[in-house]
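Note sheet for the following structure.
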Amino acid sequence: MSEMSGPLVVPSAGAAEIAFGVEHEIAPEDPITPPGRWMRENLFSSWSNGIQTVLFAAILIGILKWLLNLVFAEESDWASVATNIRLLFAYNYPVEQFVRVWVSLGTLLAAAGLSIAAWNLDLSFTLRKLGINTATGGGVLVLVGILTPGTAPSDVRAGMFVLGAILLVIGLAVLFGVKDPHRKRIPFEALLISVAGLVVAFVWLFPLGRYEFAGDEASYASGTINISTKGPWTVMMIVLVASFLVGKALGRVLPSGALKGVMAAFWVIGPAFLIFVVLRDPAFDWGYVWAVDVPMALGFALLGGGVLYFLTKPGLGELGRIIGAVLFGVAVFNWVAAFFGLYPMLQKGRISFMLLAVFAILAPTFAGERAARLRFATGWAVLVVVMHWLITAINTPSTLEIVAPPFLGGFILSVSIAYYVMLASFPLGILLALARTSKLPIFRVMSTVYIEILRGVPLITILFFFSIMLNLFLPGGMSISELAAIFTGYSLFSAAYMAENIRGGLQAIRRGQYEASDALGLTTVQRTMFIVLPQALRVTIPNLVGQAIATFKETSLVSIVGGFELVRIANQTIPNQPDYIGQNRPALLFISLVFWAFSYSMSRASRSLEQHLGVGTGR
Amino acid sequence: MSMSDANIALSAEMAARDNMITCRGVKKWFGDFQALTGVDLTVKDREVMVVLGPSGSGKSTLIRCINRLEVHQEGQIVVDGIELTNDLRNIDKIRSEVGMVFQQFNLFPHLTVLDNITLAPVWVRKKSKVEAEATAHELLERVGIPEQAAKYPGQLSGGQQQRVAIARSLAMEPKVMLFDEPTSALDPEMISEVLDVMKDLANGGMTMIVVTHEMGFAREVADRVVFMEAGNVVEINEPEAFFTNPVSDRTKLFLSQIL
């Protein structure tokens, strides 16, 4: 066997169908081409190329000019946006309780910092890229300054020229002043700290001006923005940087994967806690909580955990599946009976019981040694306790005194709905996709019918149906809030599209993968969870992010069924304020920018995620 | 030539052993096309059987029927005393005792080499992770690539991938190993490293059925050579007799074309 211990052979092309996890050396970035040569080669390489360049440049400048005319039109009163920022982002959330909004945002930023550290996302880039981006940004800003119509305030225009020139000079200095800028990387720590520092410097130093509110009257004062804005933002930036550094330090101490697991759990349930516990501030009736809610949650956690610990015993064989199936039957009966008023039971209990049944059916799949069984049972217990806490919080009246009923509104509403719709439709979409590709006709037909019906109906119809009509169909004593109804309908709709996206990923899996899993004796569930889905979902990432962006933008439809989200505030609420009658244009332009900024960030994040997981790049 | 005597061409010592695999009148159709036309075959415990034959003769179909990747429609297949029926428990039991190595390796590209090997022992055999990993490292040592445990399949050469695939099957401690043209997708210089591992395995007493075009391997390692043609067994013989003095005319023609 002498030839076996030979040197490592270079991977042959076609050896693996998808090259997951292949590491290549990063190709050196090209050195900087002088701008003159670059333009000759790329923009004016031939007569036709030159004509196209001039033509499209003219069109682009025309569009920019038109946009700037809109922005700085005489009838656009930008004070309508400046005085309504709070309204646009948090709607009617009480000002005196605003610290709750900041705590929520701070928690999210802390989680973001920890997550970036946990997954070791390297978002650093080279000095060359920094130089090019800064110089381009500066150049564009100068161009915008030139194209800005005379109706714009003169200091705004002057500001553009000054800032643009500064950026241009810095960018060019980095590009041509530093030796080999394409070989020098800025460490991510430095990048994060300088971005945070720039934000803080901007809010403290930049003379944006501010509005003082006396009752409903807003009066303008020059200078930097209010301390109530720049104070919290300073704290936010410190939180972001600090959490990243803490995460890095924790990564060195904790076992690998521990921080990832905690952060993944946070991203599933954390935002819901921020919405329903921090922002909504439920007024718990503690007597009832201790008498009913806590015993119920603990009962499900401990008894259910015990049952699951028993069911994950290896060699239990058919008994485990039978018990799981019986539990599931009872759970289904429990739901059906509720519709006829036969079986009164707290909704919480009904949901927990159904979940327990699902866990019980899956239990034999996760059978194993003691540690694995304990992990499974503990996972269940934690899930149940968290879920009960959340459901209790949602069903408890809020302490907030809010003018209009919805406690969520504006940007927070759009983001919350989009986030949880995606999160809820994800498992549902996976199940639908698996059902649609199943060998069993009943699953296949049911899933196909569901998907084709939901995809064939406009979203707005589904939102109307759920927000207005769902309560009419629910049995007596059961009701669902408008927000929950919208969320449910939207999730069911989104799941149909998600299922089709994931089905595409499932079809990309080679038959050999199924055969190898079968030959090893994996069960269908194990094969799906460990072999098929992980591969299918990686292939699906670009489509899923596309759907996330669409979901986020389509939350604007929520306005039609009564939600006060960005579009409705910009188009109806602000133009109806006495000071800004008919002023919808600035606000609409502004929210377009907000939507764009978020969608673009998502698309960029998706690209780095793809690279991180090695889709199509051969990493 | 009658195939009713399933113990044909066996030494007395071999004939006395237990039957590991028994096929009786196995028939298999793909649509209208009959791939197997009533195969009778017995494989003894610790026997190495090499299956030869032109492409389309049903070699791969036969061994894929033995761990039920394909379902035979008529006849009987018994593996280690368990008959293959539609009963899922029997199928799971047989699959965990019969290892299979594929032409295209079929490693799981999203898992490291180590995870590829430990997945089934942990989830099917319910071994502890620590124990499974210790076994995996031993097996990687045995197939000659202990240093590749942390890599992904895409980072390995074809020969290394096939050796990982063999280790992955062995990790389940199978009683029988099925090899479906294990070297056909490999570059020539990598064939011998895989064959060496298989020889090693055969010398260790593993019961093996090997579908291959490697005549040298058949001659050197096989206890018996089976020649298949048009979905049935044409000749079963000892390797030396098979290559030097074949009984059937069809075998002679086949050998004259390839040798």
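Everything quoted here is computed from the prediction, not taken from an experiment. Convention: sequence-line order gives letters A, B, ...; per-chain numbering from 1. Computation of the quantities below employed the complete heavy-atom set of this structure, encompassing side-chain atoms and omitting hydrogens, waters and symmetry-equivalent molecules.
Residue-level contacts of residues 58-68 of chain B with chain A, in order of numbering, are B:R64, B:N67; threshold 4.5 Å between heavy atoms. Within residues 90-99 of chain B, the residues having any heavy atom less than 4.5 Å from a heavy atom of chain A are, in residue-number order, B:R95, B:V98.
When side chains are defined from C-beta on, A:P534 does not count as touching B:F108, because their heavy atoms never get closer than 4.5 Å. With a 4.5 Å cut-off on side-chain heavy atoms, A:R370 and B:S128 do not count as touching.
In this structure, chain A has no heavy atom under 4.5 Å from any part of B:E141.
Residue B:F102 comes nearest to A:A519 through the heavy atom pair CZ-CB, 4.0 Å, listed as atom of the first residue, atom of the second, then distance. For the pair B:V124 and A:L520, the tightest heavy-atom approach, listed with the atom from each and the gap, is CG2-O, 4.0 Å. Closest approach of B:H110 and A:F530 over heavy atoms only: NE2-O, 2.8 Å. Heavy atoms only, all atoms of each residue included: B:N106 and A:E515 are closest at ND2-OE1, 4.5 Å.
Within the 3.5 Å criterion, the main-chain N or O of B:A120 finds no donor-acceptor partner in the side chain of A:Q526. Formation of a donor-acceptor pair under 3.5 Å by the B:K126 side chain with backbone atoms of A:E369 is not found in this model.
Atom CZ of B:R125 is surrounded by more than 12 heavy atoms from other residues, nucleotides or ligands within 6.0 Å. Residue A:Y514 qualifies as enclosed at atom OH: its count of foreign heavy atoms under 6.0 Å is above 12. Within 6.0 Å of atom CZ in A:F443, 12 or fewer heavy atoms from other residues, nucleotides or ligands are found, so the atom counts as exposed in its surroundings.
Ranking B:M100, B:R168, B:K199 against chain A, the residue ahead of the rest is B:R168, based on heavy-atom pairs under 4.5 Å.
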